[in-house]
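Structure first, then comments.
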There are 2 protein chains.
Amino acid sequence: MSEVYAARRERLRERCTAGGSATALVTRPANVRYLAGAAPRGAVLLLGRGEDLLLCAGPPAEEAGAGRPDEALRVQALSGPGGDPAVAAADVATAQGADSLAVEEHHLTVTRHRAIGSVAPRLRLSDLGAAVEQLRVIKDEEEISCLRIGAEIADQALGELLESILVGRTERHLALELERRLVDHGADGPAFATSVGTGPNSGRCGHRPTDRRVEEGDFLSVCLGATYRGYRCEVGRTFVIGTSPADWQIALYDLVFAAQRAGREALVPGVAYRDVDRAARQVLDSAGYAEALPSLTGHGVGLEIDEDPQLAPAAMGKLDACVPVTVEPGVHLPGRGGVRIDDTLVVRPEADGGPELLTITTKELLAL
Amino acid sequence: MSEVYAARRERLRERCTAGGSATALVTRPANVRYLAGAAPRGAVLLLGRGEDLLLCAGPPAEEAGAGRPDEALRVQALSGPGGDPAVAAADVATAQGADSLAVEEHHLTVTRHRAIGSVAPRLRLSDLGAAVEQLRVIKDEEEISCLRIGAEIADQALGELLESILVGRTERHLALELERRLVDHGADGPAFATSVGTGPNSGRCGHRPTDRRVEEGDFLSVCLGATYRGYRCEVGRTFVIGTSPADWQIALYDLVFAAQRAGREALVPGVAYRDVDRAARQVLDSAGYAEALPSLTGHGVGLEIDEDPQLAPAAMGKLDACVPVTVEPGVHLPGRGGVRIDDTLVVRPEADGGPELLTITTKELLAL
């Protein structure tokens with residue numbers, strides 16, 4: 001694995017050099033992990049002149065799924081308490097003879113940025129921008145394999161829940177139960193706060209579970225994901241409680257299903273992000289739900305659950321092969337509830353069989 | 001409750017005016033909640049000229065324990081997706097005729113700060129600093145009551161765990177079980193990631209649960225807390241697994257217990273933060289554990305789990321009445337394990353009975 005991290009750092013170094021700064025300071029935790037193999041709490045990565053350095057706030061602690069720092073990397077822990085590794089890194093950069101330092105301005109606070117500037121007044125601070133986030137968009141097969149295992153775990157947890165009795169249980173209990181099952185099946189933990197919505201709460205994007213209990217006739221929407229070796233996936237399904245769904249429920253489900261399928265089928269290398277969004281969105285638009293739609297119909301996943309790209313109307317850019325994304329259109333009708341269907345897929349060329357579906361839980365409308 | 005929030009905003013406004021800026025932008029979520037009653041995702045609070053305004057990224061969603069915005073406050077949601085409420089707030093401040101705006105430089109990223117500057121070039125941006133965090137240090141009885149209920153919930157969850165069979169279960173499962181029980185008993189959720197450490201992991205501050213199983217003869221350290229109406233408390237205990245603790249375990253436990261008691265007894269209004277720390281620390285120091293000690297022996301709690309003050313050797317300032325703090329010394333011996341004992345208490349004058357212990361789980365060394 002060491003070569004992987006070294007190669008990632010090398011690619012970043014090339015970008016930095018092209019951008020006019022040979023030295024860079026990476027502070028955003030997911031970016032540090034991507035380049036260093038691990039991101040102990042507060043750790044920063046200095047891409048230095050000659051030598052790279054992982055600076056930690058204290059001795060790194062063992063943590064489930066947290067990874068280990070690349071062995072080819074020098075790791076140094078601050079000795080005293082309360083120090084900022086980013087400030088210490090600027091000091092090291094100066095000592096190495098650097099005259100400029102690219103920092104992640106979208107992550108550093110104004111206060112930290114100023115502290116770096118005052119400890120290293122001769123360093124010209126520039127903006128690294130989203131350079132590391134851009135490197136992270138296309139995944140290697142090792143990364144995709146972690147996502148695939150995470151998706152299997154999420155599918156298992158969801159499948160087991162569906163076999164249990166649901167009526168009378170609260171959204172919060174169902175969410176906790178799902179999170180326990182994720183860990184049972186080997187996840188580092190949930191990829192994000194598990195969402196369970198029943199009745200009028202169903203179909204709401206990012207709904208936080210409440211004490212509402214599942215009732216006969218409800219829609220039940222569940223959205224969960226597992227983190228496996230740092231990689232986060234997402235699956236979302238909507239079910240109906242009781243023996244026979246109402247007509248409006250079947251109609252709404254079929255519509256969202258058609259929109260989600262259109263989005264999935266649009267996933268080919270080279271397609272514009274906005275065209276994937278449009279494929280899903282226009283199915284719902286033309287049925288008169290334009291107002292009820294969320295601002296995006298999917299997004300990248302990886303070391304964070306909400307990565308580039310965004311599949312949204314105003315997004316600029318095109319999908320590449322080996323980019324994992326969610327496709328998750330939904331409709332929520334205030335007071336009545338709604339439907340969301342959410343998969344994680346990897347963009348693949350048609351010659352390789354087209355988009356690879358990672359989350360394989362059925363998308364039939366199950367009556368539970 | 002509305003008057004409470006209005007009074008808090010008035011106090012902040014006085015500080016701002018004294019600091020030269022009549023208009024302030026609060027972005028840190030816990031600070032927004034403190035002043036506005038709720039902090040929907042991405043929401044910011046503009047303390048404006050005449051009118052205050054809570055600006056949200058979208059329509060606020062119902063969420064367990066998230067609170068409701070103060071009804072006396074104007075609430076406005078951005079209409080389009082992807083906008084930054086902080087930038088929109090700067091626009092509003094300009095329209096209100098403000099010439100300066102105090103912002104939270106310790107929370108805003110460089111990128112957001114620059115976006116505010118460019119949308120409102122005529123506003124002079126200054127630093128609000130930790131003004132809101134300072135207001136939050138002393139709690140009112142309503143806030144303390146939320147902490148008290150949270151502590152009861154955490155005590156209950158811990159008590160139930162102790163009645164179950166522990167040997168053979170993993171740290172991760174025990175942690176999940178505790179978090180489920182917190183919610184069972186009415187918590188909004190855990191106050192922080194529950195820490196369970198067994199054997200060589202016991203006694204480590206902030207230890208993240210692993211797949212290690214509880215064995216006979218282990219120390220078992222547990223640290224958990226409940227969030228109740230947004231307020232977060234903390235309790236930590238160490239137990240021994242099996243019928244009879246080893247001599248070294250009893251000796252280490254007694255020592256940490258003595259240190260923790262010394263810290264608790266030092267909690268009187270007017271005492272210097274560092275003197276509370278020293279009271280606990282010197283017990284461990286004089287037993288030869290100076291190296292094994294964490295950088296602080298306690299901290300404030302409230303809307304965040306790690307608030308001002310810090311009870312640490314270099315901390316400046318004195319405790320007031322009605323400040324809730326943790327007292328949590330511990331010793332961890334690499335390879336062997338260790339002991340942590342952690343309570344949440346409220347500083348009270350001696351005439352009112354001295355420090356109020358919120359977390360009442362026994363601190364006897366229990367053999368489980």
Side-chain angles (χ1 to χ4, degrees), chain A residues 28 41 57-59 61-66 80-83 103-114 125 127 129-130 170-173 175-177 179-184 186-189 193 200-201 204-212 293-296 310 312-315 334, chain B residues 41 57-59 61-66 80-83 103-115 125 127 129-130 170-173 175-177 179-184 186-189 193 200-201 204-212 293-296 310 312-315 334:
Chain A
R28 186 172 175 163
R41 220 168 303 174
E62 188 198 336
E63 197 170 318
V103 300
E104 300 190 292
E105 292 188 351
H106 59 300
H107 179 260
L108 276 184
T109 64
V110 175
T111 302
R112 287 182 87 189
H113 192 267
R114 187 170 298 141
L125 298 183
D127 187 9
T170 69
E171 294 173 358
R172 288 215 272 180
H173 272 105
L176 282 163
E177 168 89 11
E179 295 190 354
R180 188 182 61 77
R181 289 185 187 276
L182 291 173
V183 174
D184 275 347
D188 310 336
N201 298 331
R204 271 173 57 184
C205 176
H207 172 72
R208 302 297 298 264
T210 70
D211 288 326
R212 189 184 185 285
L293 302 186
S295 56
L296 50 78
Q310 294 215 322
Chain B
R41 219 167 303 173
E62 185 198 338
E63 197 170 320
V103 300
E104 298 191 292
E105 293 189 349
H106 61 298
H107 178 260
L108 276 185
T109 65
V110 176
T111 302
R112 288 181 86 189
H113 191 267
R114 186 168 301 139
L125 298 183
D127 187 9
T170 69
E171 293 173 357
R172 287 214 273 179
H173 272 104
L176 281 164
E177 168 90 12
E179 295 189 354
R180 188 180 62 75
R181 289 184 186 278
L182 290 173
V183 174
D184 274 347
D188 308 335
N201 298 332
R204 271 172 58 184
C205 176
H207 171 71
R208 301 297 298 264
T210 71
D211 289 324
R212 190 184 183 285
L293 301 187
S295 55
L296 50 77
Q310 294 215 320

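Chain naming here is simple, since letters A, B, ... match the order of the sequence lines and numbering starts at 1 in each.
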Using side-chain hydrogen bond (donor to acceptor under 3.5 Å, both in side chains) as the criterion, list what pairs up with H173(B), not counting sequence neighbours. D184(A), T170(B)
How many angstroms lie between CG in D188(A) and CZ in R172(B), if you round to the nearest 0.5 Å?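 The CZ atom of R172(B) is 6.0 Å from CG of D188(A), to the nearest 0.5 Å.
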With only heavy atoms counted, which part of A187(A) is less than 4.5 Å from chain B, the side chain, the backbone, both or neither?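 Just the backbone, heavy atoms under 4.5 Å.
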At a 4.5 Å cut-off on heavy atoms, which part of H106(A) comes close to chain B: side chain, backbone, both, or neither?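 For H106(A), heavy atoms of backbone and side chain both lie under 4.5 Å from chain B.
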Minimal heavy-atom distance between R180(A) and L176(B), with the atoms involved, is CA-CD1, 4.0 Å
If I compare all heavy atoms of E105(A) with all of T109(B), which pair ends up nearest, and what's the gap?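 That closest heavy-atom pairing would be O-CB, 3.6 Å.
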Counting only heavy atoms closer than 4.5 Å, note whether R114(B) contacts chain A via side chain, backbone, both or neither.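 Only the side chain of R114(B) comes within 4.5 Å of chain A.
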